[in-house]
Amino acid sequence: MTQSLTAVLVRPARAMAQLDAESPSDEEDEVPDDFGDAWHLGPDSPQPPATQQPTRFYGRKELDTVRAIRDLGTILEEVTKHLDGTGKEVTITVEINARSDGYDTRTQRIVKENATQLGFDSHEFED
């Protein structure tokens with residue numbers, strides 16, 4: 001038994017545009033969730049209204065003292081490089097919080113001198 005397929009194209013250009021819109025090429029990214037259903041309606045369909053884009057990012061991550069350098073490198077590569085660029089401002093702040101039963105005078109002196117030499121914005125020991 002042989003089947004024959006028949007079809008009638010009324011507007012070939014419009015049909016091709018719709019097929020192109022329904023099957024994204026390999027070069028296209030996935031359709032963003034906030035784009036709605038308009039992406040598959042074709043070139044004559046109304047575009048979704050523009051939405052306000054976020055203008056700020058804040059992230060905080062506690063680093064393990066043993067892996068801090070590796071983790072900071074990963075953060076710079078995977079997050080900061082995507083935020084940095086022309087016309088954009090990126091600030092990285094290192095915050096150190098340490099707690100002990102008591103820091104001796106020698107440790108306090110070394111840490112204070114090193115923090116000063118490294119240009120810390122602020123540093124202090126507290127009771």
Side-chain angles (χ1 to χ4, degrees):
M1 176 189 234
T2 56
Q3 267 186 335
S4 65
L5 299 174
T6 60
V8 177
L9 289 177
V10 178
R11 294 184 183 162
R14 187 175 224 170
M16 292 305 293
Q18 182 176 354
L19 286 173
D20 289 342
E22 289 176 355
S23 58
S25 69
D26 293 339
E27 296 174 3
E28 294 179 358
D29 293 329
E30 290 184 27
V31 176
D33 291 339
D34 61 348
F35 198 66
D37 292 328
W39 73 274
H40 63 80
L41 297 177
D44 297 334
S45 64
Q47 297 298 315
T51 58
Q52 175 91 20
Q53 297 294 316
T55 59
R56 237 180 126 185
F57 169 80
Y58 168 78
R60 183 178 185 277
K61 177 167 179 22
E62 187 172 318
L63 302 178
D64 180 351
T65 57
V66 175
R67 296 180 181 89
I69 293 174
R70 184 198 68 188
D71 291 350
L72 185 55
T74 302
I75 291 167
L76 291 172
E77 183 67 25
E78 301 298 333
V79 178
T80 308
K81 92 171 186 182
H82 297 286
L83 297 170
D84 199 9
T86 307
K88 298 174 184 160
E89 177 185 328
V90 176
T91 302
I92 299 171
T93 304
V94 175
E95 180 178 309
I96 300 171
N97 292 296
R99 192 172 297 274
S100 171
D101 292 337
Y103 292 105
D104 60 40
T105 306
R106 180 178 182 273
T107 302
Q108 291 180 51
R109 182 182 52 79
I110 291 169
V111 171
K112 286 179 182 180
E113 288 177 7
N114 289 345
T116 299
Q117 290 298 318
L118 292 169
F120 276 44
D121 294 329
S122 63
H123 57 88
E124 64 181 302
F125 281 92
E126 299 175 340
D127 292 330

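Along the sequence shown, residues carry numbers from 1.
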For T74 and D71, which I'm curious about, is there any donor-acceptor pair between the side chains at under 3.5 Å?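 No.
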How long is the span from the [atom1] atom in [X] to the [atom2] atom in [Y], to the nearest 0.5 Å?
X: L76; Y: H82; atom1: CG; atom2: NE2; value: 11.5 Å
X: L72; Y: R70; atom1: CG; atom2: CZ; value: 11.5 Å
X: I69; Y: D64; atom1: CD1; atom2: CG; value: 12.0 Å
X: I75; Y: T80; atom1: CD1; atom2: OG1; value: 7.5 Å
X: R109; Y: N114; atom1: CZ; atom2: CG; value: 9.5 Å

Heavy atoms from other residues, nucleotides or ligands near CG of L118 exceed 12 (cutoff 6.0 Å): yes
Got more than 12 heavy atoms from elsewhere within 6.0 Å of CG, D104? yes
In sequence, state the C-alpha distance, the side-chain angles, and the governing distance for T93 and T91, and then conclude on side chain to side chain contact (heavy atoms under 4.5 Å, CB included). CA-CA 6 Å; T93 304; T91 302; 4.0 Å; yes
If we only count heavy atoms from C-beta on, is the F120 to I96 side-chain gap below 4.5 Å?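 When only atoms from C-beta onward are counted, I96 and F120 do touch, with a gap below 4.5 Å.
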For residues F57 and V90, determine if any side-chain heavy atom of one lies less than 4.5 Å from a side-chain heavy atom of the other.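 The answer is no; the side chains never approach within 4.5 Å.
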Assess the residue pair Y58 and R60 against the criterion (side chain to side chain contact (heavy atoms under 4.5 Å, CB included)); give the C-alpha distance rounded to whole Å, side-chain angles, the decisive distance to 0.1 Å, and a yes or no. CA-CA 7 Å; Y58 168 78; R60 183 178 185 277; 3.4 Å; yes
Residue pair K81, D84: steps toward the salt bridge (charged side-chain N to carboxylate O under 4.0 Å, His left out) verdict: CA-CA 5 Å; K81 92 171 186 182; D84 199 9; over 6 Å; no
Does any N or O in the side chain of T116 come within less than 3.5 Å of the main-chain N or O of K112, such that one atom is a donor and the other an acceptor?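 Answer holds: yes.
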Under a 3.5 Å distance rule, please check whether Q108 uses its side chain to pair with a backbone N or O of F125 as donor and acceptor.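 Judged by distance alone, no pair lies under 3.5 Å.
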